[in-house]
**Q** 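Provided herewith is a single structure, encoded as structure tokens, for subsequent inquiry.
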Amino acid sequence: MKEEPRIGVFVCHCGVNIGGVVNVPEVAEYAKKLPYVAYAEHDLYTCSEAGLAAIKKAIEEYKLNRVVVASCTPRTHEPLFRATCKEAGVNPYLYEMANIRDQCSWVHMHEPEKATIKAKDLVRMAVAKAALLEPQTEPEVEVKDASLVIGAGVAGMTAALSMANQGFKVYLIERDKEPGGIVQRLHKLYPTLADSSEVVDPLVEAVRSHKNIELMTSTTLKEVSGYIGNFHVTLTSLSGDKEINVGTIIVAIGALNYRPPTGLYQYGVYDRVLTQEELDGILKKGSLEEPDRIVMIQCVGARKGEIRPSELEAFPKSDTAELLRKILKARKEEGWPYCSRICCMNAIKNAILVKEKSPRTDVVILFGDLRVYKEYEDFYRRARDLEVRFIRHIEEVPPEITQTSDGKLEVMAYDALSGLEVKFPADWVVLSTPLRPRRGEVILARMLKIPISTDGFLMEAHLKLRPVDTNVDGVFLAGTVSGPKDVSESIITGEAAAARASILMGNRKVSTEAVTAVVDKDLCIGCGLCEEICPYGGPKIEERKSKIREILCRGCGSCAAECPRRAITMRHFGDHQVLAQVTALLMPESPKGG
Amino acid sequence: MVIGGGIAGIQASSDLANRGFKVYLVEKSPSIGGRMAQLDKTFPTMDCSMCILAPKMIECARHPNVQLLTYSEVRGVNGSVGNFKVKVVRKPRYVDETKCTGCGICSDNCPAEAPNEFDENLGIRKAIYMPFPQAVPRLVTVDKDNCIECGLCENVCPANAVNREQQPEEIVLDVGAIVVATGFDMFDPSVIPQYGYKRFKNVITAMELERTLCASGPTGGHLIRPSDGKIPRSIAFIQCVGSRDRRKWIDHPYCSSICCKYAVKDAVLIKEHEPDSRVTIFYIDMRAFGRGFQEFVNRAKSEFGILFIRSNPGEISENPNTNNLIVWFEDLITRTVHNATFDLVVLCPTLIPRKGVEELAKILGVELDNYGFFKSVDAVKKPLDTTVPGIFACGYCLGPKTGDVPDSVAQGSATAGRIAEVLAGMEVS
């Protein structure tokens with residue numbers, strides 16, 4: 001026999017975020033009259049320690065067995081309120097949230113009266129659902145103390161070493177023949193001007209010799225199944241396939257330098273038009289003679305164009321791979337809209353290297369904004385002291401490059417200071433191009449179900465507060481796979497991703513989503529539509545009935561919506577619960593909230 | 001031990017605690033939260049700063065492995081990696097932490113007022129106070145400098161928590177590793193007299209603007225200017241105030257990394273508050289690097305109509321009748337000198353090392369860099385290791401290496417990883 005619901009409603013002012021628009025005390029008063037509501041109050045900040053203490057106190061005092069918080073968004077606050085319920089002895093799934101901020105006070109800022117009515121509607125709906133909620137338990141899964149790191153560049157190797165040093169087994173795979181990634185192809189690193197080998201070689205040495213690391217080069221990912229704590233991974237190489245089981249995965253496949261299409265700034269037309277990466281190669285070989293002048297052009301293919309809505313159509317559907325393919329194709333011609341963060345320093349670095357070797361060479365850098373953030377300002381000054389010439393040009397009118405009869409190049413640009421046309425005869429023209437996402441992301445995004453962001457790089461779980469997590473539990477990002485970074489920043493994210501993964505592996509177990517699909521075996525006809533539609537591989541037809549593997553289920557509800565026999569329901573989002581909300585909205589006076 | 005309870009310190013503490021380490025989080029002020037707690041919104045997603053920070057503060061403080069030592073300072077460190085002995089002084093709050101419920105009745109009754117530091121001294125608080133509504137821990141603190149010893153708080157407190165006889169308490173912690181996450185201070189723009197900060201009422205700093213825009217700030221989120229409480233219709237932002245500046249008496253040659261981005265964010269926020277206002281940003285280079293920022297700047301120009309002028313203004317003067325401000329500048333594109341009148345001018349000062357870092361560095365035995373920030377042992381390879389093994393740093397105390405909140409969070413996690421790595425290695429050997 002179920003006990004009678006006793007619902008507590010806690011309406012939050014969120015400072016003036018809600019309270020400045022919605023009449024919060026009135027909403028709380030209103031809530032008191034709703035069916036099954038045993039208690040209602042309002043607080044300036046329900047999420048503050050005092051607000052949480054008030055919830056716990058009310059649960060005890062009024063014997064509440066259901067809690068509704070009308071405040072902000074479950075995205076940030078649901079875990080906190082659920083934990084509070086749990087501490088007070090109420091199952092965390094007997095908690096419901098009414099979002100009266102993002103979905104009410106923020107969007108109806110200029111209509112306070114109507115917003116108050118809507119807030120009441122939202123609270124009434126939440127109360128109607130809360131009355132029908134059932135307790136749920138979050139299944140616990142074991143976490144294997146082994147990790148797969150995809151990509152043996154600087155970030156991947158750093159992550160692998162950090163975990164291996166903590167005693168975890170690490171499989172480090174690399175598509176190329178050798179570890180080292182994009183950094184080992186560089187000549188020197190800014191701002192220390194250390195050889196890239198000084199960073200890369202010790203890492204390579206360490207990952208090769210570490211007893212906990214199994215380095216597999218010329219190896220790629222073939223298939224991934226499973227879930228946090230227990231991923232089954234098939235790796236493939238020339239010597240055949242290999243299967244491993246790991247608890248966590250770190251994606252560190254890096255990024256690539258954008259290569260301009262043939263003809264852009266005469267790239268690919270005149271062979272003395274290079275990218276900064278190609279100049280790096282020449283400097284590394286030491287084969288640059290003493291040219292009279294080198295002209296560098298910044299932001300070639302960066303801060304250009306925009307990703308059109310049509311390219312984003314696929315977003316945020318599960319097949320994000322298609323999105324990236326579309327973006328890559330269009331961006332090849334137009335360039336990328338973002339600032340690539342590192343190109344200014346790269347250009348300055350190469351300018352300094354040229355100047356130190358050949359002081360008589362005139363190095364001219366054409367730029368729009370010089371983004372030498374941090375203390376790289378010193379580095380910029382060092383270049384100016386070496387008489388590198390920085391010329392701000394009018395970016396809207398791209399420089400033109402021609403070849404004169406003596407085979408030399410000539411760059412024509414518009415000086416932003418004078419507005420006048422300036423011409424530079426040059427031996428070399430060097431284009432600073434951005435880092436861009438790798439094509440391999442397509443495969444990974446699909447296999448691991450990580451969304452791709454609108455800039456084409458893999459998306460972190462929260463742009464501000466979870467920079468190395470993904471929305472797939474147990475999968476983390478390190479290095480430039482989540483956007484341009486320099487070497488030290490890649491090392492930091494490598495360490496950070498390893499730290500986050502190690503927490504899971506160190507704890508040995510983790511609890512997962514309780515909101516999962518349930519099949520009514522009597523109704524199921526085994527048609528297999530659910531298996532087909534599920535983006536996460538949750539349902540499987542066994543003995544002509546659908547079986548949901550709970551641990552894979554992310555609770556998205558696609559299968560429940562698709563099922564022709566309505567045999568699938570969602571825990572916590574049952575038809576009767578959702579319908580009660582709808583009824584409460586449409587029929588405010590209906591007894592017991594439907 | 002983690003020193004500093006801002007977002008970097010909170011992240012490091014939470015990750016270390018979840019990894020199974022006992023963590024002492026030592027914070028100088030009465031509450032954790034740091035600078036991020038003072039912000040209104042965060043760029044470029046416009047997430048409400050406190051809304052995303054508060055759950056993290058509470059999660060960290062409630063973790064069974066975390067012991068919060070707020071209103072406390074580190075006074076001495078001995079030993080080496082794996083075995084540090086740290087002397088911490090718990091400053092007297094004059095309030096019993098075990099009894100106070102944070103109900104605020106004492107503050108309501110307290111007759112003594114003081115400037116509110118959390119609101120950049122724009123508003124007032126009481127002498128017995130909680131720094132901000134979401135403070136963690138939720139305790140009041142008596143500020144003895146402003147207390148008039150009337151004893152009213154003691155009388156009204158229902159929990160009997162006020163203890164005016166409380167003494168400083170010294171404790172010694174045994175820790176294996178130390179994280180420094182002490183953050184930054186802001187450069188005082190009155191050092192540049194031409195800009196008139198503190199002489200002209202309507203010249204304010206970006207942090208003051210941030211508190212003004214914030215719903216929980218001194219104006220309740222209403223954008224008003226200090227001289228007459230009116231809504232400013234034309235607002236100017238001036239970038240690089242004290243940064244990229246080699247003048248001897250200023251001497252902050254570096255770029256602070258964040259000002260361009262927050263200025264654009266604040267400009268957009270102003271336009272959202274007051275769509276009719278005219279917002280101008282004076283800048284040298286628009287350094288909108290980092291994920292999503294360039295796109296954000298493009299939107300600020302095209303969608304919100306914010307005017308960007310490439311110029312480092314020379315002087316601000318005031319019309320004494322209206323308190324309006326006249327900004328003199330050379331437009332570096334047209335190479336002509338202009339003046340323009342604004343209702344409000346917002347200065348974006350450079351970020352500088354926290355007051356007291358020299359002393360802390362001495363206690364820890366670590367080196368500072370040329371600018372007074374904590375020095376990395378290797379800027380590229382070991383960016384978060386200080387010059388002493390077992391002592392790490394994260395967040396802005398390392399200087400402008402940290403571009404923004406996500407950088408601080410990543411660094412916080414990364415120091416936690418470094419510590420787990422280093423201490424695990426020691427167990428083996």
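The structure displayed is predicted, hence computed values, not measured ones. Every chain is numbered from 1, with letters handed out A, B, ... down the list of sequences.
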**Q** For Leu16(B), is it the side chain, the backbone, both, or neither that has a heavy atom closer than 4.5 Å to a heavy atom of chain A?
**A**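 It is neither, since no heavy atom gets under 4.5 Å.
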**Q** Please rank Cys255(B), Pro133(B), Gly221(B) by heavy-atom pairs under 4.5 Å with chain A and give me the top one.
**A**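 Looking at each of Cys255(B), Pro133(B), Gly221(B) in turn, Cys255(B) comes out on top.
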**Q** So that I can tick it off, tell me whether Arg291(B) and Asp455(A) are bridged by a salt bridge, with the cut-off set at under 4.0 angstrom between side-chain N and carboxylate O.
**A**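 Salt bridge between Asp455(A) and Arg291(B), a charged N being under 4.0 Å from a carboxylate O: yes.
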**Q** Assess whether a salt bridge exists between Glu295(B) and Arg303(A), defined as any Lys/Arg side-chain N lying under 4.0 Å from an Asp/Glu carboxylate O.
**A**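 No, this pair does not count.
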**Q** Measuring from atom CD of Glu198(A) to atom NZ of Lys381(B), what distance do you get when rounded to the nearest 0.5 angstrom?
**A**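 Reported to 0.5 Å precision, the distance equals 5.5 Å.
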**Q** Below 4.5 Å from any heavy atom of chain B, which atoms of Ser418(A) appear? Answer side chain, backbone, both or neither.
**A**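 Answer is neither: Ser418(A) stays 4.5 Å or more from chain B.
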**Q** Mind checking whether Arg381(A) and Pro253(B) have side chains closer than 4.5 Å, heavy atoms only?
**A**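 When only atoms from C-beta onward are counted, Pro253(B) and Arg381(A) do touch, with a gap below 4.5 Å.
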**Q** Heavy-atom distances under 4.5 Å only: say whether Leu189(A) touches chain B with side chain, backbone, both or neither.
**A**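 It is the side chain, since no backbone atom gets that close.
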**Q** What is the distance from atom CD of Glu495(A) to atom SG of Cys394(B), rounded to the nearest 0.5 Å?
**A**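 Answer for the CD-SG pair, Glu495(A) versus Cys394(B), is 12.5 Å.
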**Q** As an exercise, state the distance from CG of Leu398(B) to OG of Ser488(A), rounded to the nearest 0.5 Å.
**A**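 Answer for the CG-OG pair, Leu398(B) versus Ser488(A), is 10.5 Å.
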**Q** Is there a side-chain contact (heavy atoms from CB on, under 4.5 Å) between Ser216(B) and Tyr45(A)? Walk through the geometry before answering.
**A** CA-CA 11 Å; Ser216(B) 67; Tyr45(A) 290 99; 3.3 Å; yes
**Q** Using 4.0 Å as the upper bound for N to carboxylate O, is an ion pair formed by Asp415(A) and Arg335(B)?
**A**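 Not counted as a salt bridge, because no side-chain N and carboxylate O are separated by less than 4.0 Å.
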**Q** Tell me, with the steps shown, if Tyr373(A) and Lys261(B) meet side-chain contact (heavy atoms from CB on, under 4.5 Å).
**A** CA-CA 12 Å; Tyr373(A) 58 107; Lys261(B) 295 179 279 188; over 6 Å; no
**Q** Chain B heavy atoms under 4.5 Å from Phe379(A): which part of the residue, side chain, backbone, both or neither?
**A**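 Neither part.
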**Q** Chain B heavy atoms under 4.5 Å from Val154(A): which part of the residue, side chain, backbone, both or neither?
**A**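 No part of Val154(A) comes within 4.5 Å of chain B.
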**Q** Is there a donor-acceptor contact under 3.5 Å from the side chain of Arg371(A) to the main chain of Ala288(B)?
**A**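 Present.
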**Q** Please lay out, stage by stage, how Ser48(A) and Arg138(B) fare under the test side-chain contact (heavy atoms from CB on, under 4.5 Å).
**A** CA-CA 8 Å; Ser48(A) 65; Arg138(B) 201 175 159 76; 4.2 Å; yes
**Q** Pick one of side chain, backbone, both or neither for Leu52(A), based on which atoms fall under 4.5 Å of a heavy atom in chain B.
**A**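 It is the side chain, since no backbone atom gets that close.
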**Q** So what's closer than 4.5 Å to chain B heavy atoms on Tyr338(A): side chain, backbone, both or neither?
**A**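 Both parts, backbone and side chain.
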**Q** Ignoring hydrogens and angles, tell me if any N or O in the side chain of Lys464(A) forms a donor-acceptor pair with the backbone of Phe43(B) under 3.5 Å.
**A**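 Yes.
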**Q** Quick one: which of Leu465(A), Thr158(A), Val199(A), Leu463(A) has the most heavy-atom pairs under 4.5 Å with chain B, could you say?
**A**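 With the most close heavy-atom pairs to chain B, the winner is Leu465(A).
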**Q** Given the ring of Phe289(B), does Lys374(A) sit roughly above its face, with NZ or CZ under 6.0 Å from the centre of the six-membered ring and within 45° of the axis?
**A**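 Negative - Lys374(A) is either too far from the ring of Phe289(B) or too far off its axis.
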**Q** Please classify the contact between Glu87(A) and chain B as side chain, backbone, both or neither, with a heavy-atom cut-off of under 4.5 Å.
**A**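 Side chain only.
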**Q** Can you measure from CG (Asp285(B)) to CZ (Phe367(A)) and round to the nearest 0.5 angstrom?
**A**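 Output value for this atom pair is 6.0 Å.
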**Q** Measure the spacing between SG of Cys214(B) and CG of Asn17(A) and express it to the nearest 0.5 Å.
**A**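 These two atoms lie 8.0 Å from each other.
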**Q** Judged by atom type as modelled, is there a donor-acceptor pair below 3.5 Å linking the side chain of Arg287(B) to the main-chain atoms of Leu370(A)?
**A**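 At least one qualifying donor-acceptor pair exists.
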**Q** How long is the span from the CG atom in Asp378(B) to the CD1 atom in Ile491(A), to the nearest 0.5 Å?
**A**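 Result: 8.0 Å between the selected atoms.
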**Q** Heavy-atom distance under 4.5 Å to chain B: side chain of Ser71(A), backbone, both or neither?
**A**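 Neither part.
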**Q** Between Asp369(A) and Met286(B), is there a donor-acceptor pair closer than 3.5 Å when you use the side chain of the first and the backbone of the second?
**A**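 It does hold such a pair.
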**Q** Keeping the roles fixed (side chain from Arg500(A), backbone from Ser413(B)), state whether a donor-acceptor pair exists under 3.5 Å.
**A**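 Such a contact is absent between Arg500(A) side chain and Ser413(B) backbone.
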**Q** Hey, does the side chain of Asn165(A) reach the backbone of Ala424(B) with a donor-acceptor pair shorter than 3.5 angstrom?
**A**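 Side chain of Asn165(A) to backbone of Ala424(B): no pair is present.
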**Q** Need one label for Ala498(A): side chain, backbone, both or neither, based on atoms under 4.5 Å from any heavy atom in chain B.
**A**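 For Ala498(A), there is no contact with chain B at all, as no heavy atom is under 4.5 Å.
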**Q** In terms of heavy-atom proximity below 4.5 Å to chain A, should Ile58(B) be classed as side chain, backbone, both, or neither?
**A**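 It is the side chain, since no backbone atom gets that close.
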